[in-house]
Amino acid sequence: MPANHLYFVGTAGCGKSTLTNAVLLWLQNQGYDAITVNLDPGADSLLYAPDVDVRDWVKLSEVMDQYGLGPNGAQIAAADLLALNIKEVSEVVGGFDTDYVLIDTPGQVELFAFRQSSRVVMEELSGDAAVIAYLFDPALARTANGFVSSLMLSATVHFRLPVPMITLLTKVDTVSEPEWKRIESWSADYYSLFNSLLDEAIDAQTQVNTEFLQALETVGAGRGIMPVSADSGDGIADIYAAVQQILEGGEDVDR
Ligand SMILES: Nc1nc2c(ncn2[C@@H]2O[C@H](COP(=O)(O)OP(=O)(O)OP(=O)(O)O)[C@@H](O)[C@H]2O)c(=O)[nH]1
Ligand SMILES: [Mg+2]
């Protein structure tokens with residue numbers, strides 16, 4: 001039985017690394033085997049000790065020095081260098097006998113959304129056993145306008161990477177319950193999002209947003225967002241259930 005691969009993807013600082021650690025601890029606590037893979041060549045310090053670490057192949061600081069690049073240019077070069085080494089990385093990941101592979105990705109979401117190399121990396125590492133957890137940061141998604149922008153980004157990632165996707169609202173412990181419930185209602189019902197957009201401002205930008213919104217509704221972007229907190233542990237069990245539903249039709253992994 002191949003392991004289930006879960007990728008944590010989202011904007012800088014949305015909580016990818018913290019959630020990778022929280023899901024790892026939750027799975028271990030439930031008696032499942034899980035490993036972590038760090039795909040961020042620029043990661044500084046991580047809460048978890050990655051079982052497979054891309055920095056063993058490509059280090060951002062070294063790419064910057066070697067090619068005379070700034071941090072963002074180096075991230076792009078590093079993503080391409082990783083793609084060149086991906087067979088070797090994949091062999092190391094495949095060498096683990098485990099139920100779950102949790103994959104932490106670089107902060108620059110556009111690397112994942114726009115670079116061909118991410119697609120190569122995902123295909124080689126995970127085949128068709130992958131799910132993307134796309135993380136919405138409440139700092140961006142707490143306004144209707146910011147929520148629509150986050151929806152667009154998630155739709156772009158989904159458009160680029162043909163892998164099943166679940167959407168999560170992270171750090172719910174940092175927002176009040178009425179606030180995260182409001183965000184949840186936007187995800188469940190575009191009509192309420194549309195109304196909140198109109199409440200925020202009636203200007204040219206809102207007009208553009210409402211038109212985007214109609215297109216997003218057609219493709220079903222961001223439906224069923226799940227509130228989670230790495231701090232309180234809320235919602236982590238729901239992530240597991242959603243991934244099992246997608247990859248195993250709802251069956252539990254044998255412990
Ligand atoms: N209160 C709270 N803070 C969180 C939670 N998850 C993450 N954070 C904080 O948010 C900040 C960013 O978290 P990271 O996990 O580093 O985010 P990231 O997406 O991996 O960041 P980059 O890799 O730099 O893009 C840190 O200060 C975390 O402690 C959470 O569930 N609750
Ligand atoms: Mg991180």
Side-chain angles (χ1 to χ4, degrees), residues 5-27 29 34-61 63-64 70-76 78-79 82 101-115 117-118 121-122 125 131-142 146 149-150 153-154 156-157 161 165-181 183-184 225-240 242:
H5 288 215
L6 181 58
Y7 288 79
F8 295 90
V9 180
T11 49
C14 66
K16 299 177 290 292
S17 303
T18 311
L19 194 58
T20 301
N21 184 56
V23 174
L24 171 72
L25 297 179
W26 186 90
L27 286 169
N29 212 10
I35 64 161
T36 51
V37 178
N38 169 44
L39 281 191
D40 184 357
D44 210 5
S45 59
L46 294 167
L47 287 173
Y48 59 92
D51 297 286
V52 182
D53 194 338
V54 75
R55 293 173 297 180
D56 293 343
W57 285 268
V58 186
K59 263 208 192 80
L60 197 68
S61 53
V63 175
M64 286 171 69
N72 293 319
Q75 274 282 5
I76 291 170
L82 171 61
V101 180
L102 306 173
I103 303 159
D104 189 9
T105 66
Q108 287 75 0
V109 68
E110 69 272 26
L111 265 186
F112 239 80
F114 301 139
R115 303 291 300 176
S117 52
S118 340
V121 163
M122 288 187 79
L125 268 188
V131 171
I132 290 177
Y134 188 87
L135 279 52
F136 279 45
D137 189 336
L140 307 176
R142 72 201 319 166
S149 310
S150 302
L153 263 179
S154 74
T156 305
V157 172
L161 303 167
M165 187 188 271
I166 57 173
T167 46
L168 311 177
L169 178 67
T170 55
K171 310 184 200 180
V172 280
D173 59 287
T174 64
V175 287
S176 67
E177 187 170 332
E179 207 166 11
W180 66 253
K181 290 230 151 153
I183 299 172
E184 219 178 17
I225 199 166
M226 291 187 274
V228 302
S229 166
D231 259 27
S232 69
D234 284 344
I236 308 276
D238 299 331
I239 301 176
Y240 169 79

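Computed from heavy atoms alone, side chains included, the values below leave out hydrogens, waters and symmetry copies. Every number for a ligand or one of its atoms is a count from 1 in the order of the listing. Just so you know, these numbers come straight off a predicted model, no measurement behind them.
- Looking at ligand 1, you'll find an N or O of A230 within less than 3.5 Å of one of its N or O atoms.
- Against a heavy-atom cut-off of under 4.0 Å, S229 is close to the following atoms of ligand 1: 31 (O).
- Of all heavy-atom pairs between A230 and T18, the closest is CB-CG2, 3.6 Å.
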Next on the checklist: Could you walk me through whether V9 and L161 satisfy the side chain to side chain contact (heavy atoms under 4.5 Å, CB included) test, starting with their C-alpha distance in whole Å, then the side-chain angles of each, then the deciding distance to 0.1 Å, before giving a yes or no?
Outcome noted: CA-CA 11 Å; V9 180; L161 303 167; 5.9 Å; no

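- Side-chain N/O atoms of D234 and S229 include no donor and acceptor closer than 3.5 Å.
- For atom 2 (C) of ligand 1, the nearest protein heavy atom is under 4.0 Å away.
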Checklist entry - Can L102 and L27 be said to form a side chain to side chain contact (heavy atoms under 4.5 Å, CB included), step by step? => result CA-CA 10 Å; L102 306 173; L27 286 169; 4.1 Å; yes

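- Contact annotation: S17 places an N, O or S atom under 2.8 Å from the Mg ion (ligand 2).
- Residue K16 comes nearest to T11 through the heavy atom pair NZ-O, 3.1 Å, listed as atom of the first residue, atom of the second, then distance.
- Within ligand 1, counting atoms from 1 as listed, the ones closer than 4.0 Å to a heavy atom of A12 are 25 (O).
- Rounding to the nearest 0.5 angstrom, the gap separating the CG atom in D44 from the CZ atom in R55 is 8.0 Å.
- Checking atom 27 (O) of ligand 1 against the protein gives no heavy-atom contact under 4.0 Å.
- The CD1 atom of I132 sits 12.0 Å away from the OG1 atom of T167 when rounded to the nearest 0.5 Å.
- A distance of 8.5 Å separates OG1 of T174 from CD of E179, quoted to the nearest 0.5 Å.
- The N/O atoms of K16, backbone and side chain alike, include one that comes under 3.5 Å of an N/O atom in ligand 1.
- Less than 4.0 angstrom separates some heavy atom of G107 from each of these atoms of ligand 1: 25 (O).
- Heavy-atom proximity to atom 13 (O) of ligand 1, evaluated over D234, T18, L46, is greatest for T18.
- Ring pair H5/Y7 is tilted by interplanar angle, where 30° to 60° counts as tilted.
- In summary, the atoms of ligand 1 found under 4.0 Å from a heavy atom of G15, numbered by their order in the structure, are 7 (C), 13 (O), 14 (P), 15 (O), 17 (O), 18 (P), 19 (O).
- Of all the heavy atoms of T174, the ones lying under 4.0 Å from any atom of ligand 1 belong exclusively to the side chain.
- Here the protein heavy atom with the shortest distance to atom 11 (C) of ligand 1 is K171 NZ, 4.0 Å.
- In terms of N/O distances under 3.5 Å, ligand 1 is approached by C14.
- Ranking protein heavy atoms by distance to atom 24 (O) of ligand 1, first place goes to G13 N, 4.1 Å.
- Only the side chain of D173 comes within contact range of ligand 1, with a heavy atom under 4.0 Å; no backbone atom does.
- Smallest separation of non-hydrogen atoms from V54 and P41: CG1-N, 3.7 Å.
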